[in-house]
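First the proteins, then the strands, lettered A, B, ... as listed; each starts at 1.
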Amino acid sequence: MGLDIHYLDNKVVINNIKNFNIKQICECGQCFRWKKEKENNYIGVAYGRVIEVLQEDDTVTIYNASEEDFKNIWIKYFDLERDYSKIKDILSQDEILKVALEYGYGIRILNQDPFELVISYIISARNSIPVISKTINNICEAYGKKLDYKGKIYYAFPTIEELSKASVEEIKNLGGSFRSKYIVDTTNKIYMCNLAKEKKLDESKEIIEELLEKYDLEKIKNMSDNDCHKALQEFKGIGAKVSDCIMLFSMQKYSAFPVDIWVKRAMIHFYGANDTSLNKIRVFAREKFGELSGFAQQYLFYYAREKGIKF
DNA sequence: TTCCAGGAGGTCT
DNA sequence: AGACCTCCTGGA
């Protein structure tokens with residue numbers, strides 16, 4: 001991919017970038033830790049780092065990023081090696097989808113950290129975006145490492161081990177609400193599974209086998225899309241929709257099609273789908289969009305939410 | 001200005 | 001099919 005990249009003093013400049021719009025990327029429902037500073041200027045925390053993105057037309061500058069981090073983390077994070085023109089070409093064979101594709105022309109699906117997304121999307125269930133962000137920030141402040149950027153303090157998302165120290169009561173106080181027990185339970189299962197993998201867990205053979213069998217995020221990430229979708233739902237607090245979000249935004253499973261209220265509205269709006277069950281909409285969409293379902297979902301979601309469509 | 005009802009990017013039992 | 005916690009918003 002001919003990216004026109006220049007490495008300067010702790011910043012990276014990309015010229016002539018295509019299919020990239022930082023507002024659309026940050027506001028299509030896939031991430032919670034990016035904050036708008038100004039138009040086309042966002043600051044975010046990911047993979048234990050703070051970065052700032054400024055977009056001026058087709059020039060994107062990433063501040064607080066070394067060449068090494070850009071190559072090791074941010075290229076993959078922003079999915080810069082994928083040709084989104086090709087995806088849009090294929091999806092635009094569907095005449096109905098064209099409007100949404102043109103509207104969210106600069107959307108990209110971020111590659112985020114699986115554990116962070118497991119917890120973040122458990123928090124998202126039956127919740128609004130401002131409250132989700134606030135709760136996640138509270139958890140980061142309480143358990144994550146401090147990061148400094150431009151004299152301001154930011155907090156990394158806690159590691160599995162850091163968050164394993166949290167109690168249900170503490171998570172409740174941070175805004176976790178009725179989901180707090182799911183967060184603590186899920187974190188502990190993942191943490192104990194990792195201890196078991198390192199043979200550092202003193203438990204019965206049966207318990208260790210169950211942990212390794214069901215709660216290994218690495219293993220789940222390597223499953224087929226359909227197995228992955230099922231496996232994630234073994235965790236408490238993860239149902240079909242949350243599972244789709246996690247696999248799509250952190251495990252590169254692009255046949256996922258998260259159906260929330262906005263996507264449901266979009267499907268009714270565009271395809272005249274009846275007011276039917278979420279699962280029927282999911283099956284219908286995945287048959288229609290196949291391996292590109294996840295991308296289609298992002299365009300539909302962004303269009304529906306920005307336009308505030310009813311049906 | 002203050003107050004209350006309704007709703008928010010589902011999942012569990 | 002109902003309950004669930006909490007914050008935010010809009011209208012009285």
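Looking at heavy atoms from C-beta onward, A:L147 lies out of side-chain contact with A:I153 at the 4.5 angstrom threshold. Under the 4.5 Å side-chain criterion, counting only non-hydrogen atoms from C-beta, A:H229 is in contact with A:M247. Side-chain contact between A:Y7 and A:I5 is present, with heavy atoms from C-beta onward closer than 4.5 Å.
Residues A:N15 and A:D58 have side chains that never bring a donor and an acceptor to within less than 3.5 angstrom of each other. With hydrogens and angles left out, the side-chain atoms of A:R286 and A:N226 include a donor and acceptor closer than 3.5 Å. No donor-acceptor contact under 3.5 angstrom links the side chains of A:N19 and A:R82, judged on distance only. In this structure, a donor-acceptor pair under 3.5 Å is absent between the side chains of A:N21 and A:Q55.
Across all strands shown, A:F235 has heavy atoms under 4.0 Å from sugar-phosphate atoms exclusively, and none from any base. Residue-level contact check: A:I129 touches the bases, meaning some heavy atom is under 4.0 Å from a base atom. Contacts of A:I238 with the nucleic acid, taken as non-hydrogen atoms under 4.0 Å apart, involve only primed sugar atoms and P, OP1 or OP2.
Checked against the 6.0 Å centroid threshold, A:Y103 and A:Y302 count as a close aromatic pair. Less than 6.0 angstrom separates the ring centroid of A:F295 from the ring centroid of A:Y254.
Look at A:K11 and A:E67 and you find no salt bridge, because none of the NZ, NE, NH1 or NH2 atoms lies under 4.0 Å from a carboxylate O. Note on A:E95 versus A:K98: salt bridge recorded, some NZ/NE/NH1/NH2 to OD/OE distance being below 4.0 Å.
The nucleotide range of DNA chain B contacted by chain A, defined by atoms under 4.0 angstrom from heavy atoms of the protein and reported 5' to 3', is B:dA8 to B:dC12.
In DNA chain B, consecutive stretches of 3 or more Watson-Crick or G-U wobble pairs with both distances under 3.5 Å are given as paired ranges: B:2-8 with C:6-12, B:10-13 with C:1-4.
Between the CD1 atom of A:I122 and the C1' atom of C:dC4 there is a distance of 16 Å, rounded to whole Å.
C:dG10 and B:dG9: their P atoms are spaced 13 Å apart (whole Å).
Residues A:F32 and A:Y182 each lie close to DNA chain B; by heavy-atom proximity, the contact nearer the 5' end of the strand is made by A:F32.
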Distances for protein N or O near nucleotides 5-7 of chain C N or O, under 3.5 Å:
| unit_1 | atom_1 | unit_2 | atom_2 | d |
| --- | --- | --- | --- | --- |
| C:dC5 | O4' | A:S177 | OG | 2.8 |
| C:dC5 | O2 | A:S177 | OG | 2.9 |

